[in-house]
Every structure is written in C-alpha cells, then in structure tokens.
Number of protein chains: 2
Amino acid sequence: MRKKVTLKQLARELNLSISTVSKSLKNDPEISEKTINRVHELAQFYNYKPNALAVSLKSNRTKTIGILLPEILNHFFAKALNGIEKEASARGYKILTCITNESYDKEVEYMEMLNHSSVDGFIIALSEETQIVNKYDHYEALKREKVPVVMFDRVWDQMDCDKVIVDDAEASRNAIQYLADSGCTNIAVITTIGDLNVAKLRIEGAHQSAEKNGLLLKGLTLKNATHAEEEIYNFLKNTAIDAVLGLDETSAAVTINSCHRLGYKIPEDVSVIGFSDGILSKYSYPKLSSISQHAEDLGAKAVTMLVDHIENTKDSYTPRTEVIKTSLILRDSTN
Amino acid sequence: MRKKVTLKQLARELNLSISTVSKSLKNDPEISEKTINRVHELAQFYNYKPNALAVSLKSNRTKTIGILLPEILNHFFAKALNGIEKEASARGYKILTCITNESYDKEVEYMEMLNHSSVDGFIIALSEETQIVNKYDHYEALKREKVPVVMFDRVWDQMDCDKVIVDDAEASRNAIQYLADSGCTNIAVITTIGDLNVAKLRIEGAHQSAEKNGLLLKGLTLKNATHAEEEIYNFLKNTAIDAVLGLDETSAAVTINSCHRLGYKIPEDVSVIGFSDGILSKYSYPKLSSISQHAEDLGAKAVTMLVDHIENTKDSYTPRTEVIKTSLILRDSTN
C-alpha cells in the first residue's frame, strides 16, 4: 500500500520540530542554512510535496478545469476534448477529465469529486440519462457556489451559464437544401441516435427545408446502432430514394456500405451526406460529404469562455451562448 | 470569481467557534441539537464540503485512479479508456484522466498534479516524446513513494511495475502466416506510425514470419499520416503486390481506398489486413480483416492489476507483466 510522507514524519526522522521543518521548506532566514539543507535533502528523497489543496486555498485558484464528458468512443467528444486540451494548455490551464458513461449518478459523483478538488471551473456535456430523468440539482449547487460552468453541445437550457452549441436544425436545413439544389427529390433521413435531442433538432431542420422545397422526406429512426446494418440495408432495398442524409456518422457509413452491397452507385444513384465529419467520413469509399460541427473549435471556444469567466474580476458576470456555425464539407458522395 | 466557503467563514457567520462548527458537522453529542441543526443548515446552503484531501489523508485512500494517456483521437486509447472506466466503476473506483498530447513536459506536470491530488495509483501509456527523450525521472519519484503504477501498451521496460502489453510481433507473425497460407506471395507492410516502438515490433514479427515462409516483404514506412493517401496510392500503383498488412488502421483504410481508385479488387487482386480493429475496420467497404488488440480488455486488465496492488496489505509486492493475446478477425478483405 502506498505511503505518503508527512511533515510530521520528516520532523521525526530529522529530530526537528514540525515548525522548524515547515520553516526550512520555505527557506525561512530564521533557520540555519545547514538545517535548511538537511530538510530539503530528506524532503527531496521522499518526494515530499506540500498538500496541493492547501496551496490552492491560499491563492484561491488551481489553474485546473474539470471536464465532464458523456462518453469517449464517440469521435465528436474525442475531438472536442482534443480542442479543449490544446486551448487550455495555451491559456496555462490543466484539465482533469471524467467520463460519465451516460450515467446520471456518475455525473453527480464526478462533479462533486472535481469540485472538492477545487477545479476553477467546469466544461460539461450532459449525460443521456440526465437529460432523460431531467434532474439538475447538482447544477443548482454549482450555481449557488458561483463556480464558473460552460455547457457544450448537450446543454440544459435553464442553466444560467455560458453555453456553446451547434445549430443542428440549421445544419440539416443546409444539407437538405444542397441535395434539393442538386436535383434529388426522394430524400431519406436516417439516424441511429434517435433518442438524443440533437437528432430531434436535426430531423426538424430537415423537414423545414424539405417543405420549403416542396419535398416529402422518407425516414428511418433507430435508437442505437445495434441492428443498423440490417435495418438500413432493408430500408434502402425497399424504398425508392436518390439521396440520404445520415444524422450521425454511423448511419451515413452504413448507408454507403449498404449501397455497395445493393449495387447502387454513389453519387450517381444515391447521394449521401453525413454528420460529424470524423474519421469514417475521411476514409470511406467514396469519401463522405459531411456536416462538420467543428468539434475542436467548439472545445476551444468553451475554454475561452470559461477562462474569461474564471479570470473575470468584476462582481457581475452575464452568461453568453455561442452558436458554432457548421459547414457542409463536400467530398465524393454527392453530385 | 469563485468563492469557496471555509469552516472559518461558517463559524464567523454563525458566531460560533471553529471547533464548535467542526464538532457540529460531525454531530458530536457534546454540542446541542439546536446548534448542530443551525450549522448543518448553513453548511448545506453554502454547499460546504470538508476538504477532500483531508478526508483522504485520514483513510489514506481516495478510491481514485489517475490515468495518463498520450492522446485521445486514436481510437485504441479511447477504447482502452472505456475499458478502464467500466472496470474501475465495477470495482468502486473513480478515474481522473489527463491527456499528455504526446508531450514529455505535460506527462511530468500531470503526473505531479494527480499525485498531489492523492490518487491511489496510476495507469499510464507513455507519450511519444518521453520515449524519444528517454527521460524517466518522474517514474523514479513514483517508485520511491511506492505509488502503485500499471503501464500499458507503451511501457518503459526498466520500470519495476505492473505492465499490460500486446504481443505486437506475434500479432504480425500470425497475420503474415495467414496471408502466406492463403496463397499470397507478394506481401507489402505499410505503416503511418513508423516512429513508434510498436511499429518496429510489428515489422520485426512480419519479417520473421515471411522468412519462415521463404517470402521477401515489400514495405512503405511513413512517420505520420499527413501524405499517406498520395504515398500509399503511388506505392500500390508502382509495386507488384497481392497482399498488404497495414500496421495501423489508417494505413489499411487508405490501402482499401487506393485499391478502389486503382481498380484493384479486394480480396481477389489484393488481400488487406489491418491493425487495431476500430470503427474504420467495421465500416470500410469491403469490411477490413483486422488484428484486434482487445483494447477494452487491456484497459480492464490494467485496472484489475492496479486495484490488486492498491489493496495489497502485505509488505512486499512483486510486479507482473500480462501479455494480452491478439486475435485476427477475418472479414471481407481477405480470402
């Protein structure tokens, strides 16, 4: 079992008082140079470090940001974390990341732990379960303590804090408009994340744009990717379509593969647009046209807002909401 | 700026001594029920929590594991982290993750920070820079303090700690053997991670197996993926081959796409095997046969070893090295 050396143990081993050891570590001129050297030597040998929290209580800052992410296998959050890490590092902040694994209980537990560790602020994307159970007491507590918080992507609307969001409805509108402009008339919207708010917003935007163009959308909404290959294959086999908007990267990638299996040519027979612009888009064949949410910029923006808040010396602070513009990146899966 | 309420502030506001407040928070029978209630009410209002580190010093355990990962965009580390998170959670441990972004300085800095936060132990995969500069003083310090450490995948051989590694040479041997058995005679080994130790081990294994089968390997070694598409396309265009072993997922995915562009049929003209078995393998067309390093099992194994060490009550502890067996997962890109 791990042993941590304390001031007391150093004092005992050196046959000095705790106070003398403490003063020696601060190079207090009251103490002889010989004693100071003895103390430093032993402290170094044991890698003794003063209690980290005590240091932070003194300056009231830890220059550390706590990050709560719902999951890490999703490339969007991995990219956002990468953006957070780089910007935080550039601003002189360290980051501590906790993965809630989409669990409400873990979100509460990790938030408390990070808060006890005295992080200067939080960057948070909500867990799926928190959105479903709709309980936000843990955020009320942060508010009362005036802990700076930035929520991104998956946010709680009523939280009075900075937010960075993606205009998901607008992104879908643009994609459908592009497909309509390129002559597609039988467009299907496919998703494997039907339970998430972002999917609902994307579907809404797609319908708005379709209506404007006098089109009626077809759709396949799955709640997860478990049976995506079978379901998407059957849907494409049995539905007359000339374009697919995949609301997540998996659905677009599976659409491409299903088209290959069915002998449909991309983009000649079927145009495909996906969301997220992750590695699947870059390395699919043909390469996938995709809506980029600029996850890394989004992460960096969250850091900028949080650090501005942490370092704000005025008494009042007015929260802002930043909307990150998406881009439709055209590759080889569209005309 | 954030305010954290202290015992002292509670005492002042309640017009009580610090000692009385402290005792009240512990429901000490010495204190009147009325006072105890007043203290609890105000403490709750301010969301006062006793100093986390103080709590941990008492029990000498924080039930928290510090994780140092070189990067998070690499799906292998994301999967390993997912495995770590799930197993730690099952064993009642929380995890705090720091991304070193392949930097030696950050590895040192984050290790110190987590160590000061009194994590019970570490799970670490080395940054690329640490392997290049070959400096390991920060690990010597952990050793002296007897902090339990498990290194995985990217390990420092001389560190006297538990290790979980993948038999990379063996994995390559098996892949080349499979290609040779299926009749391939012109095999190329392609990588975009030529600088990493794991790539060197994989190349070594490939050559051993080729030699055994009387084959001479061709090869393309890139240090990163920046110009991978161009380079791999040209290599495949100008080299007579009937099989490719990609030593990372990117090189295998780009090989598949280049074959499409060149009109080579997979697996009829060219068989392809990749490493890592991430999402690119699952969603490529045709689906990629791939060597799985079982990243999630590997992460879970690291947690098991670390918790065994943390909870070991004997005076001595003998470090072990676990080798995770890889599997060749056959899909549609091989005969």
Side-chain angles (χ1 to χ4, degrees), chain A residues 1-6 45-47 49 51-54 57 60 64 71-73 75 78-79 81-82 85-86 89 94-99 101 106 109-110 112-118 120-121 141 144-148 250 253-254 256-257 260 279-280 283-287 310-313, chain B residues 1-6 45-47 49 51-54 57 60 64 71-73 75 78-79 81-82 85-86 89 94-99 101 106 109-110 112-113 115-118 120-121 141-142 144-148 250 253-254 256-257 260 279-280 283-287 310-313:
Chain A
M1 206 176 81
R2 131 162 234 195
K3 293 254 161 36
K4 226 185 152 69
V5 70
T6 62
F45 176 78
Y46 283 124
N47 199 25
K49 300 277 165 59
N51 175 324
L53 197 59
L57 282 177
N60 212 14
T64 306
E71 59 154 326
I72 200 61
L73 290 183
H75 206 62
K79 285 209 289 185
L81 180 57
N82 202 39
E85 202 284 322
K86 287 192 174 148
S89 181
K94 294 185 284 288
I95 65 166
L96 272 175
T97 305
C98 294
I99 314 294
N101 220 348
K106 280 197 191 164
E109 188 184 24
Y110 275 127
E112 283 185 1
M113 181 181 76
L114 289 172
N115 201 19
H116 291 185
S117 306
S118 295
D120 291 339
R144 270 198 307 275
E145 283 189 68
K146 299 201 172 136
V147 181
T250 306
V254 174
I256 285 188
N257 290 8
H260 284 303
I279 46 171
L280 286 178
Y283 294 114
S284 67
Y285 186 81
K287 285 182 192 162
I310 291 168
E311 297 181 356
N312 172 48
T313 50
Chain B
M1 205 178 82
R2 129 163 239 196
K3 294 252 163 37
K4 226 185 152 73
V5 71
T6 62
F45 177 77
Y46 283 122
N47 200 26
K49 299 280 165 58
N51 176 323
L53 196 61
L57 281 177
N60 212 14
T64 306
E71 59 155 325
I72 200 63
L73 290 182
H75 206 63
K79 285 208 292 186
L81 180 56
N82 202 41
E85 202 284 321
K86 287 192 174 146
S89 181
K94 294 186 283 288
I95 65 165
L96 271 174
T97 306
C98 294
I99 315 292
N101 218 351
K106 281 197 191 162
E109 189 184 23
Y110 276 127
E112 283 185 0
M113 181 180 79
N115 200 20
H116 292 185
S117 306
S118 295
D120 291 339
L142 286 188
R144 271 199 305 274
E145 283 190 69
K146 298 200 175 139
V147 182
T250 306
V254 174
I256 285 188
N257 290 9
H260 284 304
I279 47 172
L280 285 177
Y283 294 115
S284 67
Y285 185 82
K287 287 183 190 158
I310 291 169
E311 297 181 355
N312 172 47
T313 49

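All of these numbers come straight from a predicted model, not from anything done at the bench. Order of the sequence lines sets the chain letters (A, B, ...), proteins ahead of strands, with each chain counted from 1.
A distance-only check finds a donor-acceptor pair linking the side chain of B:Tyr110 to the backbone of A:Ile95 [under 3.5 Å]. A donor-acceptor pair is defined here as one N or O able to donate and one able to accept, closer than 3.5 Å; such a pair exists between the side chain of B:Asn257 and the backbone of A:Tyr283. Within the 3.5 Å criterion, the main-chain N or O of A:Lys86 finds no donor-acceptor partner in the side chain of B:Asn101.
The two atoms that bring B:Ile279 and A:Leu280 nearest to each other are O-CD2, 3.6 Å, heavy atoms only. Across every non-hydrogen atom of B:Ile99 and A:Glu85, the tightest pair is O-OE2, 3.7 Å. Of all the heavy atoms in A:His75 and B:Leu73, the pair that sits closest is CE1-O, 3.5 Å.
Note that the NE2 atom of B:His260 and the OG atom of A:Ser284 stand 9.5 Å from one another [nearest 0.5 Å].
Between A:Leu96 and B:Met113, some side-chain heavy-atom pair lies under the 4.5 Å cut-off.
Annotation: maximal heavy-atom pairing with chain B below 4.5 Å, among A:Lys79, A:Arg144, A:Lys94, occurs at A:Lys94.
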